[in-house]
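Keep in mind that this is a model prediction, so the values were computed, not measured.
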Amino acid sequence: MVAIVTDSDIRSGDPCIEGTRISVLDIKRRVIDGDEDSFAVAAEYDLDGAAVFDALAYCYDNADEMCKLEADAAERRQEIKQESARLRDVSR
């Protein structure tokens, strides 16, 4: 079994596969949301298949936390988009 860990210095403290910077959300977005083959994703990240399935299990076991992390990430993306638009407007 692969450990899922959090470290405030890695990926803003998002849950990651131990020993990597690969977040549980990275795996979820590709396998669940993107309907990619879990073994292909594992191969691309140089992981064994169990690591991907452990990340997905963590995702399902902590669904509320994952929803919050995704909402926070969406909010950050929106803030960055707005700031980028503001900076483009200022430079004109």
Measuring from [X]:[atom1] to [Y]:[atom2], what's the distance to the nearest 0.5 Å?
X   : Y   : atom1 : atom2 : result
I80 : E83 : CD1   : CD    : 9.5 Å
D72 : C67 : CG    : SG    : 11.0 Å
I4  : E18 : CD1   : CD    : 9.0 Å

Compare all side-chain heavy atoms of [X] with those of [Y] and state whether any distance is below 4.5 angstrom.
X   : Y   : answer
Y60 : I32 : yes
L47 : I22 : yes
Y45 : I27 : yes
L69 : P15 : yes

Using every non-hydrogen atom in the two residues, find where [X] and [Y] come nearest and quote the distance to one decimal.
X   : Y   : value
R29 : A73 : NH2-CB, 3.8 Å
A51 : I17 : O-CD1, 3.9 Å
A50 : V2  : C-CG2, 4.5 Å
V24 : C59 : CG1-CB, 4.0 Å

Hey, are R11 and D26 close enough for a salt bridge, meaning a charged N less than 4.0 Å from a carboxylate O?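 Looking at D26 together with R11, the answer is yes, because their closest N to O distance falls below 4.0 Å.
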Under a 4.0 Å threshold between the charged nitrogen and the carboxylate oxygen, would K68 count as salt-bridged to E65?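 A salt bridge is absent here (no side-chain N lies under 4.0 Å from a carboxylate O).
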Under 4.5 Å between side-chain heavy atoms, counting indirect links through other Ile/Leu/Val/Met/Phe/Trp/Tyr residues: same cluster for V52 and F39 or not?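 Linked, V52 and F39 end up in one cluster.
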Could you go through Y58 and F53, starting from their C-alpha distance and side-chain angles, then the distance that decides it, and tell me whether this counts as ring-ring contact (aromatic ring centres under 6.0 Å, His included)? CA-CA 8 Å; Y58 182 93; F53 289 109; over 10 Å; no
Any salt bridge (charged side-chain N to carboxylate O under 4.0 Å, His left out) pairs touching residues 32-45, not counting sequence neighbours?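 Of all non-adjacent pairs touching residues 32-45, those that pass salt bridge (charged side-chain N to carboxylate O under 4.0 Å, His left out) are K28-D33, R30-E36, R30-E44.
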Can you pull out every salt bridge (charged side-chain N to carboxylate O under 4.0 Å, His left out) where at least one residue sits in residues 45-62? Sequence neighbours excluded, please.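 Not a single pair qualifies under salt bridge (charged side-chain N to carboxylate O under 4.0 Å, His left out).
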Return yes when atom CG of D64 has more than 12 non-hydrogen atoms of other residues, nucleotides or ligands closer than 6.0 Å, and no otherwise.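 Open: at most 12 neighbouring heavy atoms sit under 6.0 Å from CG of D64.
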